[in-house]
K.L.:
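Before we start, here is the structure in question, set down as structure tokens.
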Amino acid sequence: MRISNLLHRLPWKFLVGLLLFLVTLAVFAFIALEIVQEHEDGFDTRAFEFLAQYTNPESLKLMRVCTFFGSHTFLIPAHLLILVILLFQKKYADGFITSFMALSSFLLMIALKNYFHRNRPSIKFAEVVQSFSFPSGHTFSSFVFAVVLIYLLWKSDWSKASKLALSLLLLVFSCIVGLSRIVLRVHFASDVIAGFCIGIAWILFIVFIRSAFRNHSFSIRSRM
């Protein structure tokens, strides 16, 4: 079968997802190879200099509040609460998929940080745990949490307009959490961008695997 014929048979949503998956992986790889491993700090330095114009005691205080929502102190209890609610409602499949998204992303983040061993910026405006910098765990984790909420939101009976509005707000807030990590200088801008990229790629990977599993299960049942 020709590749062109195969592409025509694939759903457009799958093709868009595949393209986004490849693009985000490519951006992550570029940052990891060209910025982190080659120690090219020009982009990160310019990002710090740009944000310094808008940094003051008030903005730092606000960013410290925002960054809390990407911390394990908030996210672990939040994920557990979601799991308890889903189990109480007997939504076991949703409980499994949301828990898998949270746990797998946490393990992936630990693996990546320990692989790249990038030190954090020397000047910080907030206390951080003694962990490596690349990629940004707060950014990755807050994005995954936002996606978990969006996934559950779109399975609810809310209106489509409400779902779209809340989904956008959740993604924007995830971006604010990522921005807070740069403003507070506990992460480089490249760490944050990489955190979003690997977050998007990982969620899409889970979606692909789940879709393949569901299609395979449906195919087996249809032949029985």
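Values below: all heavy atoms of this structure, side chains included; hydrogens, waters and symmetry mates excluded.
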K.L.:
How about Phe145 and Phe69: are their ring centroids closer than 6.0 Å?
P.N.:
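They do not qualify: ring centres at least 6.0 Å apart.
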
K.L.:
Who passes salt bridge (Lys or Arg N to Asp or Glu O under 4.0 Å) against Lys163, sequence neighbours left out?
P.N.:
none

K.L.:
Within the 3.5 Å criterion, strictly below it, is a donor on Arg181 or Thr67 matched to an acceptor on the partner's side chain?
P.N.:
yes

K.L.:
In terms of heavy-atom contacts, does CZ of Phe21 have more than 12 from other residues, nucleotides or ligands at under 6.0 Å?
P.N.:
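Count over threshold, so yes.
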
K.L.:
Using ring-ring contact (aromatic ring centres under 6.0 Å, His included) as the criterion, list what pairs up with Phe30, not counting sequence neighbours.
P.N.:
none

K.L.:
The criterion is ring-ring contact (aromatic ring centres under 6.0 Å, His included); which residues satisfy it with Tyr115, sequence neighbours excluded?
P.N.:
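Tyr115 satisfies ring-ring contact (aromatic ring centres under 6.0 Å, His included) with no residue once adjacent residues are dropped.
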
K.L.:
Phe100: which residues meet the ring-ring contact (aromatic ring centres under 6.0 Å, His included) condition with it, sequence neighbours left out?
P.N.:
none

K.L.:
Looking at Leu166, Thr98, Ile82, which one forms a side-chain contact (heavy atoms from CB on, under 4.5 Å) with Leu149?
P.N.:
Ile82

K.L.:
How many angstroms lie between CH2 in Trp154 and NZ in Lys160, if you round to the nearest 0.5 Å?
P.N.:
6.0 Å

K.L.:
List the residues meeting ring-ring contact (aromatic ring centres under 6.0 Å, His included) with His39, not counting sequence neighbours, and say none if there are none.
P.N.:
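Counting only residues at least two positions away or on another chain, His39 forms no ring-ring contact (aromatic ring centres under 6.0 Å, His included).
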
K.L.:
Ignoring hydrogens and geometry beyond distance, is a side-chain donor-acceptor pair present between Arg64 and Ser180 at under 3.5 Å?
P.N.:
no

K.L.:
Which atom pairs, donor and acceptor, lie under 3.5 Å between side-chain atoms of residues 189-198 and protein residues at least two apart or in another chain?
P.N.:
| residue | atom | partner | partner atom | Å |
| --- | --- | --- | --- | --- |
| Ser190 | OG | Asp44 | OD1 | 3.0 |
| Ser190 | OG | Asp44 | OD2 | 2.9 |
| Ser190 | OG | Arg118 | NH1 | 2.8 |
| Asp191 | OD1 | Arg118 | NH1 | 2.7 |
| Asp191 | OD2 | Ser133 | OG | 2.4 |
| Asp191 | OD2 | His187 | ND1 | 3.4 |
| Asp191 | OD2 | Phe188 | N | 2.9 |

